[in-house]
Amino acid sequence: DGEEHKGGDKDREAEITNKLCFGTFYNGLTDCVNHLLCKLSCFCGAVLISQKPRKEEAEHPVTTKKKSKEEIEAAKALKIKKREEEEQQRWRWWEEDKYEDGIKWKFLEHRGPFFPPEYQHLPDNVNFYYNGKVVKLGLAAEEVALFFAQMLDHEYTTKDVFRNNFFKDWRKEMTLEERVLISDLNKCDFRELHTMHKEKVEARKVMSKEEKLVMKGTNQKIVEEYGFCILDHHRERIGNFKIEPPGLFRGRGEHPKQGMLKKRIQPEDVIINCSCIPEPPAGHHWKEVRHDNTVTWLASWTENVQGSCKYVMLNPSSKLKGEKDWEKYEVARRLKSCVNGIRQQYQQDIKSKQMETRQRAVALYFIDKLALRAGNEKEEGETADTVGCCSLRVEHITLHDLLEDKDCVVEFDFLGKDCIRYYNKVPVTKRVFKNLKLFMKNKEPGDDLFDRLNTCLLNKHLSSLLPGLTAKVFRTFNASITLQEQLQQLTLLLTDNPAEKLLSYNRANRAVAVLCNHQRVPPKTFDQSMANLQSKIDGRREQLALAKSELKLAKKEVKAHSSDSKLQAVVERKKKAVQRCEEQLMKMEVQATNREENKQIALGTSKLNYLDPRISVAWCKNMEVPLDKIYNKSQRDKFAWAVDMTGADFIF
DNA sequence: GGCTCGACTTAGTAAACAGGCA
DNA sequence: TGCCTGTTTACTAAGTCGAGCC
């Protein structure tokens, strides 16, 4: 039971807190010991790594000759063995005691972030033209010109805002002479730069096997040097160890800053957070080196477009991320046990005399029922115009007393996170409907719907109901509980066909993705690939019909010459062929259904961020579905804690 | 109490990769 | 073997939320 588990953790935490109350001297001492231990584990880790082939190579060894059956079997066995070994080496942090509140690590060592290579001038035969004439640009202006040229095929470069922002920032990178000359973006001809870029991309695609291997090796070296850190005796993968290269800002939707120059980050811009100072690149120094073990980031810098902080953090499979993830689902489970009371209360609050309370109650009703995001306030003109629940405006909803035979329908139409459109027609209670009318009274379309409410007020209220409860917990809770319920319903009457089981899992996952409005642009090749699959299905159907008639014929032959054992064998063969055909056809049909239903829905986001992995692990155990059918390698790594601790009886 | 900022999670898209098939 | 296509990974933008300041 998770509740009890957490309770136990709390007791243990208190115990550890007592143990660790020796002050900074003690901490300093433990750091030194940790350091020595880490040096040792780092060395051991390096030895282990150098002996181990990379993940991809281990799973798909490079071969030139065709593999025999035995070889394939051996490769499979090796793969299983590797997986077991990996499992044995895994840091089972979930079995360890937690640090006292706020402390994230005791020792942290890393190499610092990896910087992208400096820009090199264009070859002499590649020219930029202004007003039809060749212009040789200086290094800085040329680099930025290439950023734009690389994007010529993209819709961005046709947008006025993008072009204007780019041109303004580009001119800042020009010399005085260049700036005087280049005054109109429409007179700029980047085509040769664009062609060169495309040729480079093409060349990369057609590289020989050997060249690709060399490149892979180089990248692997970088990953090994920069992609791992030592955190409290353990080697952990870093998520984003590469500094973001310079380029043009690709804000989503109608972002007012799209096209602005994202400048190159130097070591002098980077703050390092660790126990021991990593060597900065030659000739450079770090902006600052800290030892702050109350945060989880390894390095940070401030980006110039929006002035926000960027961080180097650990991979999702790490202890720091996993522990937080586990805690997130535990809070959601705590909400489950008291959600009925909370629902009763907000239904009561809808009748309150206080306008603020009523608005809060209606907003919470939407957050709970529709899994809307909280909706923080945003600075106007700084980002695209998107909203969440608390920041909804009058123009984002339409009230219908009667719509499609339903009373009191609210029609939502707004842009949410990442400018993804939220469109939904929802029947609501009469009381909610009446309140919405009241909130909209005497307001302009651009006015706030909930003018007495913001996310801060809402979250303060929520945390008074349950410690740790915020608006986003409702999304996690509703997503997970939906998955659990859907899995129960959809797999109740299932046969033991594996394809059907998976289709049901995906359908349950899809129900959550729809609830959370996780959309994707259908792939460009979608229609074509569906048509291809359909023709394969048709072909298989014909094959099945043929196999069936051949079987019929063979049976007839047996009847006529009943003693012929050869004919009997033929019948058996034909039977098997029919069976095989049927199975393949079924598999394809399921695949087609699944793909069609996924056309505009993205399942990954909910799977990674909202669905308690223990629900899926328990389902796999109950349904006898191998876990790797629903989680790929990195998902299994991310949810290792859940895979390890969950039995078939887990209930969210 | 309002505002800003830092730290972190959540998100969609593009690039890279893997595997099946002709 | 090479092409095609679906899957996985990398990338980084865009949210949430709480602490601290004035």
Side-chain angles (χ1 to χ4, degrees), chain A residues 55-56 59-60 62 64 66 102 104 151 154 201 204-206 209 212 215-216 219 223 227 239-245 247 249-253 255 257-258 262 271 273 292 294-297 300 302-303 305-311 313-316 320-321 324-325 328 373-379 382-384 386-391 415-420 454-460 462-463 468-473 475-476 479 513 516-521 523-526 528-530 532-533 536 591 594-595 598 602-610 631-635:
Chain A
K55 181 188 85 189
E56 296 86 351
E59 290 183 6
H60 312 283
V62 183
T64 44
K66 204 168 182 181
K104 306 287 175 22
M151 291 178 73
H154 205 287
V201 172
R204 216 177 304 145
K205 274 185 198 160
V206 297
K209 226 176 204 174
K212 278 184 184 167
M215 214 169 118
K216 210 171 168 180
N219 287 334
V223 172
N240 56 327
F241 59 88
K242 287 181 180 167
I243 293 281
E244 293 172 20
F249 178 68
R250 298 178 173 215
R252 301 194 180 129
H255 200 295
K257 294 191 172 180
Q258 60 179 283
K262 224 174 80 165
I271 303 173
N273 190 30
D292 181 357
T294 65
V295 295
T296 64
W297 54 267
S300 75
T302 306
E303 58 92 39
V305 176
Q306 322 214 66
S308 62
C309 284
K310 297 264 184 173
Y311 300 95
M313 286 190 184
L314 293 184
N315 184 272
L320 289 181
K321 294 287 181 190
K324 204 75 190 293
D325 215 28
K328 173 180 79 182
R373 294 188 187 86
N376 281 324
E377 285 149 290
K378 297 167 77 185
E379 212 172 321
E382 291 293 299
T383 56
T386 61
V387 296
C389 186
C390 292
S391 52
L415 294 182
K417 182 177 178 179
D418 292 313
C419 287
I420 299 294
N454 59 38
T455 52
C456 191
L457 287 171
L458 177 66
N459 282 337
K460 266 186 189 155
L462 290 175
S463 67
L469 184 61
T470 63
K472 88 185 181 83
V473 178
R475 233 166 119 81
T476 312
C516 295
N517 200 37
H518 291 143
Q519 297 186 24
R520 64 164 189 166
V521 176
K524 280 175 201 148
T525 53
F526 185 84
Q528 186 54 51
S529 83
M530 279 311 280
N532 290 351
L533 186 56
K536 267 189 193 171
Q591 195 185 357
N594 192 40
R595 210 185 283 174
N598 268 351
L603 300 187
T605 310
S606 50
K607 198 186 253 187
L608 277 176
N609 302 300
Y610 289 104
Y631 286 147
N632 64 34
K633 173 85 172 78
S634 44
Q635 289 163 343

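Per chain, numbering begins at 1; letters A, B, ... match sequence-line order. Remember, it's a predicted structure, so these values are computed and weren't measured experimentally.
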**Message:** More than 12 heavy atoms of other residues, nucleotides or ligands under 6.0 Å from CD of A:E382: yes or no?
**Reply:** yes
OP1, OP2 of [N] versus side-chain N and O of [X]: anything below 4.0 Å?
X	N	answer
A:H154	B:dA14	yes
A:H518	B:dA11	yes
A:T470	C:dT16	no
A:T383	C:dA14	no
A:N219	B:dA16	no
A:R475	B:dT9	no
A:K205	B:dA16	no
A:K321	B:dT9	yes
A:N459	C:dC17	yes
A:N632	C:dT8	yes
A:Q306	C:dA14	yes

Under 4.0 angstrom, heavy atoms only, what part of the nucleic acid is [X] near: base, sugar-phosphate, or nothing?
X	value
A:G251	sugar-phosphate
A:K257	nothing
A:A471	sugar-phosphate
A:T296	sugar-phosphate
A:S308	nothing
A:Y610	sugar-phosphate
A:K104	sugar-phosphate

**Request:** Scan side-chain atoms only and decide if A:S391 and A:E377 contain a donor-acceptor pair under the 3.5 Å cut-off.
**Result:** no
Please check if the side chain of [X] supplies one atom and the backbone of [Y] the other of a donor-acceptor pair under 3.5 Å.
X	Y	answer
A:N240	A:M313	yes
A:N459	A:A471	yes
A:K257	A:V305	yes

Nearest listed nucleotide, side chain of [X], among [options]:
X	options	result
A:V295	C:dT12, B:dA7, B:dG12	B:dA7
A:K472	C:dT12, C:dC17, B:dA7	C:dC17
A:N609	B:dA11, C:dC17, B:dG6	B:dA11

**Message:** So, under a plain 3.5 Å distance rule, would you say the side chain of A:K328 forms a donor-acceptor pair with the base of B:dT9?
**Reply:** no
